[in-house]
Amino acid sequence: MTYKSEYLSTLEARGYIHQLTDADAIDTRAAKPGLVAYVGFDLTGPSLHIGHLMSIMMLRRLQQHGGKPIALMGGGTTKVGDPSGKDTQRQLLDQATIDANKASIKRVFERFLTFGDGPSDAIMADNADWLDHLNYIEFLRDYGRHFSVNRMLSMDSVKLRLERDQPLSFIEFNYMVLQSYDFVELNRRYGCVMQMGGSDQWGNITQGIDLGRRVAGAELYGLTTPLITNADGSKMGKTANGAVWLNREQLPDWDYWQFWRNVDDRDVGRFLRLFTDMPEPEIRRLEALEGAEINDAKIALANAATTLCRGAEAAAASEATARATFAEGGAGEALPSFAVAGALPLVDALVLTGLAASKGEARRKLAENAVKVDGEGVTDPVALVSAPARLSLGKKRHALLTQG
RNA sequence: GGAGGGGUGGCCGAGCGGUCAAUGGCAGCAGACUGUAAAUCUGCCGGGUUUUCCCUACGUUGGUUCAAAUCCAACCCCCUCCA
């Protein structure tokens, strides 16, 4: 499908579109300036992760094409819990945790979006502003009557739970009602006419569109992004230590850069389109590289993606460290570093630096010939090390011991 | 409220008195081969201890037993059907 609006053309060309509620209408609307669209984010953790990056990039693209993006913090809905894609209800968070998560998550948006009061400046909203003070009876009468339980039961988020004999509590069942209401509220407050999100949000989005039409006569739209998997079919964004966090406090710049540097060959072009602003001709050139040369494309991807999320300095420092560490066998300053006093058992040092999860694992790795100190293989389980030293576990994981 | 089924390591899923730190699969880590890739093969994969030892763990708490993930009791939670 070809679009006349720049926004949709770009989204289509770069692979962001999974489903649209009304492609022609959205295209027409997007062709005019000032399209207001939103994406909602749960505040279940102190940081968003790579899985959210698609949605964030959608908002960024919208702003690049003259639209007005709204990042909706789920301060209210997080207290309820989205059942989509989950087998069991998750732990409900207390207010203090939600507030802390929100403060932390906000920071990352400032890197991707420009906030302000101008026509295409981004807005950050929080649905706690309207959900916290709802009056139950009033809400049921004004909005609850527009929801068909029959229909809700048929939605994937609910149906899958029921089919698999998994529990679904009433509070979770209400999640989509509240999310639908968010859409209506954002339409009222900011003239927002489109909600975007991952493909698992389709049901929640269309419910909101229906509700908007029923209670406000508004014409609303929805757009979902595909679930991004790695070329090998696995879910994208998992590493040894869990999710790839966007916040530096949760994941150091070096690890963030390394994540992109290590993507599968087959994913390089796709990821450049989705997760960087690199122009198409340059992407074409890079993804055409073959053999060992594809590594240049991966470095370009790592630099561009890291620059966006962590800043140009973080990207440059990581690249320099990578070169020093891998190409020259030395050590770059962006490697994780730990201060120690005097000599200590190598086994303890491996645990301290996080290269091994336990002393037992450290001993096993020594026996497996996986440990190096300053590039020299060590297998002695009772060896000592003293700073300064560079510890390596395998070829990729390194840490520095410094005198302290 | 009644009847039945079920809760095992990150996940799935065996085990159903000792030989169980618990089969197998997935995920993960390391080694070989490479390009900090993929695929493949090999090893590892609760914690501690210089290792035929100790601790923790099979929903929770007690009990039976020389010995329990396995038997008994109570309780908690989930699912199904009935009321």
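Residue numbers start from 1 in every chain, and the chains themselves are labelled A, B, ... in the order their sequence lines are given, proteins ahead of strands.
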Between [atom2] on [N] and [atom1] on [X], what's the gap in Å once rounded to a whole number?
X        : N      : atom1 : atom2 : value
A:Leu350 : B:rA30 : CG    : C1'   : 13 Å
A:Glu361 : B:rG28 : CD    : P     : 15 Å
A:Lys372 : B:rA30 : NZ    : P     : 12 Å
A:Leu393 : B:rG43 : CG    : C1'   : 14 Å
A:Lys396 : B:rG35 : NZ    : P     : 14 Å
A:Phe326 : B:rG35 : CZ    : P     : 15 Å
A:Asn369 : B:rC29 : CG    : P     : 19 Å
A:Asp380 : B:rU50 : CG    : P     : 13 Å

Classify the nucleic acid contact of [X] as base, sugar-phosphate or nothing, counting any heavy atom under 4.0 Å across all strands shown.
X        : value
A:Arg261 : base
A:Lys359 : sugar-phosphate
A:Trp257 : base
A:Arg363 : base
A:Ala322 : base

Reading RNA chain B from 5' onward, which residue's closest nucleotide shows up sooner: A:Val351 or A:Ser318?
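Residue closer to the 5' terminus by nearest nucleotide: A:Ser318.
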For A:Asn262 and A:Gly394, find the nucleotide of RNA chain B closest to each by heavy atoms; which residue's nucleotide sits nearer the 5' end?
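Whichever sits nearer the 5' end wins; that is A:Gly394.
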When you look at CD of A:Gln19, are more than 12 heavy atoms from neighbouring residues, nucleotides or ligands closer to it than 6.0 Å?
yes
Can you tell me how far [atom1] in [N] sits from the matching atom in [M], rounded to whole Å?
N      : M      : atom1 : result
B:rA21 : B:rG15 : C1'   : 14 Å
B:rG6  : B:rC55 : P     : 33 Å
B:rC82 : B:rA22 : P     : 45 Å
B:rG63 : B:rC77 : P     : 23 Å
B:rU42 : B:rG24 : P     : 14 Å
B:rC71 : B:rG17 : C1'   : 7 Å
B:rU23 : B:rA32 : P     : 28 Å
B:rG10 : B:rC45 : C1'   : 12 Å

Is the terminal nitrogen or CZ of A:Arg310 (NZ for Lys, CZ for Arg) located under 6.0 angstrom from the six-membered ring centre of A:Tyr256 and within 45° of that ring's axis?
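Yes; both conditions hold, so A:Arg310 lies above the ring face of A:Tyr256.
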So, is [X] close to the [N] phosphate, meaning a side-chain N or O under 4.0 Å from OP1 or OP2?
X        : N      : value
A:Thr325 : B:rU36 : no
A:Arg364 : B:rG46 : no
A:Lys395 : B:rC29 : no

Looking only at the side chain of [X] (C-beta and beyond, no hydrogens), which of the listed nucleotides [options] gets closest?
X        : options                : value
A:Gln258 : B:rA30, B:rG47, B:rU36 : B:rU36
A:Asp264 : B:rA32, B:rA38, B:rG48 : B:rA38
A:Asp265 : B:rG35, B:rC44, B:rA32 : B:rG35

Could you check A:Arg261 against A:Glu319 for salt bridge (charged side-chain N to carboxylate O under 4.0 Å, His left out), going step by step and ending with a plain yes or no?
CA-CA 9 Å; A:Arg261 172 64 247 265; A:Glu319 187 188 1; over 6 Å; no
Going by an N to O cut-off under 4.0 Å, is there a salt bridge joining A:Glu185 and A:Arg189?
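Here A:Glu185 pairs with A:Arg189 in a salt bridge, since their nearest N and O are under 4.0 Å apart.
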Establish, yes or no, whether a centroid distance under 6.0 Å links the rings of A:Tyr190 and A:Tyr38.
no
Would you please indicate if the ring centroids of A:His52 and A:Phe112 are separated by under 6.0 Å?
no
Return yes if the base of B:rC29 and the side-chain atoms of A:Lys365 contain a donor-acceptor N/O pair under 3.5 Å, otherwise no.
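Yes, the side chain and the base share a sub-3.5 Å donor-acceptor pair.
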Any luck finding a side-chain donor-acceptor pair between [X] and [Y] under 3.5 Å?
X        : Y        : value
A:Asp255 : A:Trp245 : no
A:Arg61  : A:Gln64  : yes
A:Asp253 : A:Ser318 : no

Return the residues of residues 270-297 of chain A meeting this criterion: a heavy atom under 4.0 Å from some atom of RNA chain B. Order them by number, or give none.
A:Gly291, A:Ala292, A:Ile294, A:Asn295
Which nucleotides of RNA chain B pair, in dot-bracket form (Watson-Crick or G-U under 3.5 Å, | meaning another strand):
((((((((.[[[..)..(.....]]].(((((.......))))).(((....)))...[[[[[..)....]]]]]))))))).
For salt bridge (charged side-chain N to carboxylate O under 4.0 Å, His left out), just list the numbers for A:Lys102 and A:Asp126, CA-CA rounded to whole Å, side-chain angles, deciding distance to a tenth of an Å, and then say yes or no.
CA-CA 9 Å; A:Lys102 180 179 166 185; A:Asp126 183 344; 2.6 Å; yes
For A:Phe326 and A:His398, what are the C-alpha separation, side-chain angles and deciding distance, and is it a ring-ring contact (aromatic ring centres under 6.0 Å, His included)?
CA-CA 10 Å; A:Phe326 291 103; A:His398 308 277; 5.5 Å; yes
Which one of A:Asn262, A:Asn303, A:Asp265 satisfies the side-chain hydrogen bond (donor to acceptor under 3.5 Å, both in side chains) criterion with A:Lys298?
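Only one of A:Asn262, A:Asn303, A:Asp265 forms a side-chain hydrogen bond (donor to acceptor under 3.5 Å, both in side chains) with A:Lys298, namely A:Asp265.
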